[in-house]
Amino acid sequence: MEVRKLHPLFAAELIGADVSDPQNRELIDTVEDAMREYAVLCIRGQGHINDQQQLAFARAFGPLELPPGNNAPGVKSRIAPGLYSASNLDANGEIVALESRSAKIAKGNELFHADSSFNDMPSKWSILRGVIIPPERGDTQFIDMRAVYEALPQAMKDRIADLKAEHSYAHSRRKAGADADDNLPMFKYMRAVQPMVKQSPSGRPTLFVGAHAERVIGMDEEEGTALIEELLAFAEQPQFIYSHKWQPGDIVIWDNRCTLHRGTEFDYLRYKRDMRRANVNESGEERCAIPAEALTQHYQQLSKAEAAN
Ligand code: OGA
Ligand code: MN
């Protein structure tokens, strides 16, 4: 196996790996080491991997954070229950309408974010597998937030050193143009307070702000929003971005603690894009971050048609 850097700051490709054997100690150690340093790792040529093998590979790095949607009662899914879908496909594998719930979720994914930063359950990695890839566009972009933090002016580092922000899923959906009612049962659980500066696994400090960041604790709303937007604009400068051009069979792993990512546009109504994601968490146990009761209530309140899409 060989690790080859893909960008001057971060992101690497692991060459010569086959993820179908999670007992392979050399594979697991190589991935852990590469992730600590590069924070984004691409493994190509894994088209032979199925959903269960993807889940087994993910579990080698920690317990899963289970997706709420796939586990909800009465929700039909085309993929294994432990996986998140990041596709434009319905339960039958057909392209969904632009007004559907998953199309709106996909729009939200086009804002730079860290997965599940709105959960109390601390997220470690996301492991995304490209099953069907559109022939053009639909890249995934990543930002190295350690490099972003390092490049911030000292005055800004001092200003944010002890600040915390509240992250909310409903907030990022609204930012992307979807309506999201804060009172829906699930959304009450999809908010969490996070420090704006954290220590990354490499030991380097990192900025922790993304699309889910809604307000700065202890700051008035306008000032907090302005600060979040200023930090995001700084982070989104091209020198901090690695853009991944997908091939079918690619697996890309990213560290949600020190990177942001976003999907980019493609011809949504013309091409299928089937992406499946396993999330590894740091809480020590495999579970969904949302209590089962809130899930049930949430999906009862959404119409059946909406829930299925
Ligand atoms: C995700 C995500 C972006 C993409 O799966 O968490 O944000 O390009 N995906 O599909
Ligand atoms: Mn995401």
Side-chain angles (χ1 to χ4, degrees), residues 11 39-44 51 54-55 58 64-70 77-80 82-89 95-96 100-119 121-145 167-173 175-176 178 190 192 194 208-213 232 235-236 241-268 271-281 288-289:
V40 174
L41 188 67
C42 157
I43 310 174
R44 297 202 190 265
D51 287 1
Q54 182 180 357
L55 290 167
L64 301 184
E65 175 210 305
L66 297 172
N70 271 354
S77 178
R78 343 156 267 101
I79 66 175
L83 293 174
Y84 283 85
S85 167
S87 314
N88 61 340
L89 306 176
I95 294 177
V96 296
S100 70
R101 209 169 60 91
S102 56
K104 288 178 188 159
I105 291 171
K107 267 284 157 227
N109 279 348
E110 288 174 15
L111 300 172
F112 275 109
H113 62 281
D115 288 335
S116 300
S117 70
F118 46 79
N119 281 344
M121 182 188 270
S123 177
K124 182 181 176 182
W125 298 350
S126 293
I127 301 179
L128 186 62
R129 170 171 144 247
V131 180
I132 304 174
I133 305 299
E136 53 190 15
R137 304 195 296 155
D139 299 356
T140 306
Q141 298 187 323
F142 298 90
I143 298 177
D144 182 348
M145 296 298 274
H167 294 229
S168 143
Y169 180 74
H171 170 72
S172 58
R173 298 311 100 171
K175 220 174 157 179
M190 296 168 95
Q194 311 276 6
F208 197 70
V209 174
H212 303 309
L232 282 174
E236 290 175 20
I241 298 178
Y242 163 68
S243 219
H244 185 75
K245 209 162 243 329
W246 287 89
Q247 295 168 7
D250 283 359
I251 287 182
V252 178
I253 311 173
W254 63 86
D255 192 323
N256 284 305
R257 300 164 296 187
C258 58
T259 62
L260 298 181
H261 65 280
R262 72 164 171 204
T264 61
E265 283 187 317
F266 64 101
D267 196 338
Y268 199 88
Y271 299 122
K272 292 186 177 182
R273 187 170 186 268
D274 186 349
M275 313 286 274
R276 305 178 188 189
R277 195 179 80 229
N279 274 60
V280 179
N281 84 77
C288 175

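In listed order, ligands and their atoms are each counted from 1.
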Engineer: Regarding E136 and K245, does a basic nitrogen lie under 4.0 Å from an acidic carboxylate oxygen?
Structural biologist: no

Engineer: Under 4.0 Å from any heavy atom of A86, which atoms of ligand 1 are there?
Structural biologist: 5 (O)

Engineer: So E265 and E110, do their side chains get closer than 4.5 Å, heavy atoms only?
Structural biologist: yes

Engineer: Output yes when the distance from some N or O of ligand 1 to some N or O of H261 is under 3.5 Å, and no in every other case.
Structural biologist: yes

Engineer: Under the side-chain hydrogen bond (donor to acceptor under 3.5 Å, both in side chains) criterion, do H212 and S117 qualify, and how do the steps go?
Structural biologist: CA-CA 7 Å; H212 303 309; S117 70; 4.6 Å; no

Engineer: Is the closest side-chain donor-acceptor distance between E65 and S116 under 3.5 Å?
Structural biologist: yes

Engineer: For N281 and L64, indicate whether the former's side chain and the latter's backbone hold a donor-acceptor pair under 3.5 Å.
Structural biologist: yes

Engineer: What orientation do H244 and W246 show, parallel under 30°, tilted 30 to 60°, or perpendicular over 60°?
Structural biologist: perpendicular

Engineer: Would you please indicate if the ring centroids of F208 and H167 are separated by under 6.0 Å?
Structural biologist: yes

Engineer: Could you tell me if any non-hydrogen atom of H113 lies under 4.0 Å from any atom of ligand 1?
Structural biologist: yes

Engineer: With carbon and hydrogen excluded and only N/O/S kept, which atom of H113 is nearest the Mn ion (ligand 2)?
Structural biologist: NE2

Engineer: Any N or O of R262 that comes nearer than 3.5 Å to an N or O of ligand 1?
Structural biologist: no

Engineer: Considering only protein heavy atoms, which is closest to atom 6 (O) of ligand 1, and at what distance to one decimal place?
Structural biologist: R277 NH1, 2.6 Å

Engineer: Any N or O on D115 sitting closer than 3.5 Å to an N or O of ligand 1?
Structural biologist: yes

Engineer: To the nearest 0.1 Å, how far is atom 10 (O) of ligand 1 from its closest protein heavy atom, and which atom is that?
Structural biologist: R273 NH1, 2.8 Å

Engineer: Under 4.0 Å from a heavy atom of T140: give me the atoms of ligand 1 that qualify, with their elements.
Structural biologist: 4 (C), 8 (O)

Engineer: Just wondering, do W254 and C42 contact through their side chains at under 4.5 Å, heavy atoms?
Structural biologist: no

Engineer: Which is the closest N/O/S atom of D115 when seen from the Mn ion (ligand 2)?
Structural biologist: OD1

Engineer: Considering only heavy atoms, does W254 approach ligand 1 within less than 4.0 Å through its side chain, its backbone, both, or neither?
Structural biologist: side chain

